[in-house]
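Beneath this line is the structure, given in structure tokens, with notes to follow.
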Number of protein chains: 2
Amino acid sequence: MVVEHDGTERRAALDDVDRALVQALREDGRATLATLAGVTGLSQSAVQARVRKLEARGVIAGYRAVVDPEAVGLPITAFVEITPLDQSQADDAPDRLRDVPGIEACYSVAGDANYLLLVRVPSPSALEDLLGLIRREASVSTRSTIVLRTYFDGRPVSP
Amino acid sequence: MVVEHDGTERRAALDDVDRALVQALREDGRATLATLAGVTGLSQSAVQARVRKLEARGVIAGYRAVVDPEAVGLPITAFVEITPLDQSQADDAPDRLRDVPGIEACYSVAGDANYLLLVRVPSPSALEDLLGLIRREASVSTRSTIVLRTYFDGRPVSP
DNA sequence: CTTGAAAGATGAACTGG
DNA sequence: CCAGTTCATCTTTCAAG
């Protein structure tokens with residue numbers, strides 16, 4: 001964030017080198033400084049300084065291994081739309097669901113439902129259990145869409 | 001994959017150490033062998049051999065930096081359900097959409113729609129453009145759900 | 001599992017806009 | 001002063017024993 005003279009704040013724009021680094025690290029989160037230096041034409045130290053700044057600014061929020069869900073015993077993936085049963089109730093579904101195992105992502109959305117969850121479970125019956133838990137825990141109704149196949153996921157997207 | 005005596009194949013099950021490694025690398029994709037050795041109680045070399053096997057078996061499919069979409073100029077996220085206009089047409093939507101910029105994920109689903117896409121764009125008008133492109137390119141109708149907020153995403157999930 | 005050599009990351013001192 | 005470079009040192013990785 002950069003504070004302007006008029007007091008407004010803005011995110012410092014990324015230059016071409018930053019974009020190249022972000023792109024490269026999206027494709028390979030373990031790319032070495034030497035590789036990144038080669039890609040950008042900068043020295044390793046300069047690249048390191050850049051990457052550190054991108055991390056500090058939150059542009060790069062972290063690094064993750066991409067794990068095959070089937071290989072770790074979670075072959076069933078589903079999207080679950082949830083809607084509060086009582087709209088007058090406190091709507092703290094994300095807080096309540098944050099630590100429920102099997103829920104990988106939680107988005108609030110503009111549409112029929114209030115929230116959309118991405119869940120992964122070992123079996124259909126485990127999905128039933130999880131849906132029951134979600135309904136009870138967050139006082140919501142659910143509408144699920146089973147994922148049959150993931151064609152691609154986390155594909156790098158450039159602006 | 002392990003071939004059993006009866007000829008069936010199964011994925012070799014992960015033991016506790018493998019699970020701990022996968023978990024640790026999901027949380028920090030750049031964890032060093034020394035760190036992983038500390039977590040598991042194994043030597044660095046043993047850990048390295050394990051991680052290599054997990055990578056070779058495809059349990060760990062790769063490593064990626066987690067990038068803040070807003071910080072790279074993609075503040076609008078949406079889920080787009082797509083349904084072929086003509087069910088008798090060849091259904092190769094994933095292939096056709098694979099290289100369209102802005103599409104981060106593509107799943108085939110069991111539900112009203114055939115496929116579900118996750119897209120990221122710089123602006124509402126860019127979303128209109130992208131939806132038009134998707135409709136033309138894949139001969140589909142679309143139904144979009146805008147993401148208002150991402151509460152959490154990619155949370156490590158254990159089996 | 002241990003070990004030594006190669007590769008990578010880090011920080012200090014230095015250079016130019 | 002900021003961003004980048006080079007160089008020396010330390011850490012991590014990797015393959016051989």
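Proteins come first, then strands; the chains are lettered A, B, ... in the order of their sequence lines, and each starts at number 1. Everything numeric in this text was worked out from a predicted model, so none of it was measured.
Of the residues in residues 38-48 of chain B, those with a non-hydrogen atom less than 4.0 angstrom from any atom of DNA chain C are B:Ser43, B:Ser45, B:Ala46.
For A:Arg52 and C:dA9, the shortest distance from a side-chain N or O to OP1 or OP2 is not below 4.0 Å.
With respect to A:Arg98 and A:Asp92, no salt bridge is recorded, no charged nitrogen being found less than 4.0 Å from a carboxylate O. Of the charged side-chain nitrogens involved, none lies within less than 4.0 Å of a carboxylate oxygen, so that B:Glu104 and A:Arg155 do not count as a salt-bridged pair.
Protein chain A contacts DNA chain D from D:dA3 to D:dT13, reading 5' to 3' and using non-hydrogen atoms of the protein with a distance under 4.0 Å.
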Polar-atom pairs under 3.5 Å, protein N or O versus N or O of nucleotides 15-17 of chain C: list them with distances, or write none.
none

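Looking at residues two or more places apart in sequence or on another chain, you find a salt bridge (Lys or Arg N to Asp or Glu O under 4.0 Å) between B:Asp16 and B:Arg19.
With a 4.5 Å cut-off on side-chain heavy atoms, A:Glu70 and A:Leu74 do not count as touching. Put simply, the side chain of A:Asp18 does not reach to within 4.5 Å of the side chain of A:Val59, judged on heavy atoms. A 4.5 Å side-chain heavy-atom check between A:Arg52 and A:Ile60 finds every atom pair outside the cut-off.
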Atom pairs and distances, donor-acceptor, side-chain atoms in residues 105-117 of chain B, under 3.5 Å, two or more places apart:
residue	atom	partner	partner atom	Å
B:Tyr107	OH	A:Asp153	OD1	3.4
B:Tyr107	OH	A:Asp153	OD2	3.4
B:Ser108	OG	A:Arg149	N	3.3
B:Asp112	OD2	A:Arg143	NH2	2.8
B:Tyr115	OH	B:Asp91	OD1	3.1
B:Tyr115	OH	B:Asp91	OD2	3.1

Ignoring hydrogens and angles, write down the donor-acceptor pairs under 3.5 Å from the side chains of residues 123-133 of chain B, residues two or more places apart or on other chains.
residue	atom	partner	partner atom	Å
B:Ser123	OG	B:Ser125	OG	3.2
B:Ser123	OG	B:Ala126	N	3.1

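Mapping B:Leu33 and A:Arg50 onto DNA chain D by nearest heavy atom places A:Arg50 closer to the 5' end of the strand.
The main-chain N or O of B:Ile103 is never found under 3.5 Å from a side-chain atom of B:Arg120 such that the two would form a donor-acceptor pair. Counting only distance, with no hydrogens or angles, the side chain of B:Arg96 and the backbone of B:Glu137 share a donor-acceptor pair below 3.5 Å.
A straight line from CZ of A:Arg30 to P of C:dG8 spans 13 Å, rounded to a whole angstrom.
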